[in-house]
Amino acid sequence: MKRITIAIAATLILGALTIAPPKLRSTVQAKPVANPAAPQIGPDHCGGVTFTFVNKLPDREILKVVKIEYHRAIKNNWSTELISFGGNGECKNGGKCTTTGDSLKDAKGVRLDTFKLHYQWRNDQNGANWSDTIISSIAFNEASGYQECQPNKNYGGDSWAVTK
């Protein structure tokens with residue numbers, strides 16, 4: 001009888017543990033062995049490049065540029081990079097805006113001849129939503145005279161207008 005009681009108790013305890021396993025908690029926190037390295041862009045990046053454009057969307061429309069697509073003439077291919085500009089990243093209607101400076105991969109010393117802006121727009125009313133991303137028509141690098149990409153170079157200007 002004693003053996004039967006022990007067997008039944010053991011079965012009930014094991015069954016309870018199987019149905020509701022205990023929560024194991026620990027206050028031990030792992031500390032990183034090393035800090036992760038910064039992403040490597042490569043030796044051929046063209047750093048600090050800025051882009052200037054004018055918001056010529058209809059009245060009361062705000063512009064937010066999110067990417068730049070650029071064509072490398074000698075390689076005859078396109079690349080896309082995320083870009084940003086100061087403040088909250090918005091360019092008011094009629095405003096002339098310049099990005100904060102970005103690194104373009106595989107572009108150092110390479111002639112960049114055409115560009116496309118990837119942008120969103122919304123009106124200036126409270127609660128207005130951003131549009132889907134729109135790709136601008138091709139802008140040629142006329143002002144820069146097809147110069148090679150060098151660090152801290154600016155592309156665009158008054159002739160780079162974003163319109164619908």
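Just so it is clear, the structure is predicted and the values come from calculations on it, not from any experiment.
With rounding to the nearest 0.5 Å, the separation of NZ in Lys67 from NE2 in His118 is 6.5 Å. Atom CG of Leu104 is separated from atom CG of Leu112 by 6.5 Å, given to the nearest 0.5 angstrom. Between the CD1 atom of Ile62 and the CD atom of Gln120 there is a distance of 12.5 Å, given to the nearest 0.5 Å. Residue Ile68 holds its CD1 atom at 4.5 Å from CZ of Phe51, rounded to the nearest 0.5 Å. For the atom pair CD of Gln150 and SG of Cys46, the computed distance is 6.0 Å after rounding to the nearest 0.5 Å.
Scanning for side-chain hydrogen bond (donor to acceptor under 3.5 Å, both in side chains) contacts around Ser136 gives an empty result, with sequence neighbours left out. Shown here are the side-chain hydrogen bond (donor to acceptor under 3.5 Å, both in side chains) partners of Asp124, two or more places apart in sequence or in another chain: Arg60. Listed by chain and residue number, Lys56, Lys96, Asp158 satisfy the side chain to side chain contact (heavy atoms under 4.5 Å, CB included) test with Val54 (two or more places apart in sequence, or in another chain). For Tyr70, there are no ring-ring contact (aromatic ring centres under 6.0 Å, His included) partners two or more places apart in sequence or in a different chain. For Thr133, there are no side-chain hydrogen bond (donor to acceptor under 3.5 Å, both in side chains) partners at least two apart in sequence or on another chain. Residues meeting the side-chain hydrogen bond (donor to acceptor under 3.5 Å, both in side chains) test with Thr98, sequence neighbours left out: Thr52. With sequence neighbours left out, the side chain to side chain contact (heavy atoms under 4.5 Å, CB included) criterion links Asp132 to no other residue.
Looking only at distances, a side-chain donor or acceptor of Asn55 sits under 3.5 Å from a matching main-chain atom of Glu61.
Contact of the Asp106 side chain with the Val110 side chain is not registered, since no non-hydrogen atoms from C-beta on lie closer than 4.5 Å. When side chains are defined from C-beta on, Val65 counts as touching Leu63, because their heavy atoms get closer than 4.5 Å. A 4.5 Å side-chain heavy-atom check between Trp130 and Lys64 finds at least one atom pair inside the cut-off. By the 4.5 Å heavy-atom criterion applied to side chains, Asp102 and Ile83 are counted as neighbours.
At a threshold of 4.5 Å between side-chain heavy atoms, the hydrophobic network of Ile, Leu, Val, Met, Phe, Trp and Tyr places Phe53 and Tyr155 in one connected group. Connection of Val162 to Val66 is not established within any shared hydrophobic cluster, with ILVMFWY side chains joined at heavy-atom distances below 4.5 Å, either directly or through further cluster members. Ile135 and Leu57 fall into different hydrophobic clusters, where Ile, Leu, Val, Met, Phe, Trp and Tyr side chains are chained together by heavy-atom contacts under 4.5 Å.
Residue pairs meeting the disulfide bond (SG atoms under 2.5 Å apart) criterion with at least one member in residues 51-96, sequence neighbours excluded: Cys91-Cys97. Residue pairs meeting the salt bridge (Lys or Arg N to Asp or Glu O under 4.0 Å) criterion with at least one member in residues 45-55, sequence neighbours excluded, do not occur.
Using a 4.0 Å cut-off between charged side-chain N and carboxylate O, Arg122 and Glu90 make a salt bridge.
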Which pairs would a plain distance check flag for residues 72-82, meaning a side-chain donor or acceptor within less than 3.5 Å of a matching protein atom at least two apart in sequence or in another chain?
residue	atom	partner	partner atom	Å
Arg72	NE	Asn77	OD1	2.9
Arg72	NH1	Ser79	OG	3.0
Arg72	NH1	Lys105	O	3.2
Arg72	NH2	Asn77	OD1	3.0
Arg72	NH2	Ser79	OG	2.8
Asn76	OD1	His71	NE2	3.0

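For Phe115 and Trp160, the ring centers sit closer than 6.0 Å to each other.
Here the closest non-hydrogen pair linking Ser103 and Gly47 is OG-CA, 3.6 Å.
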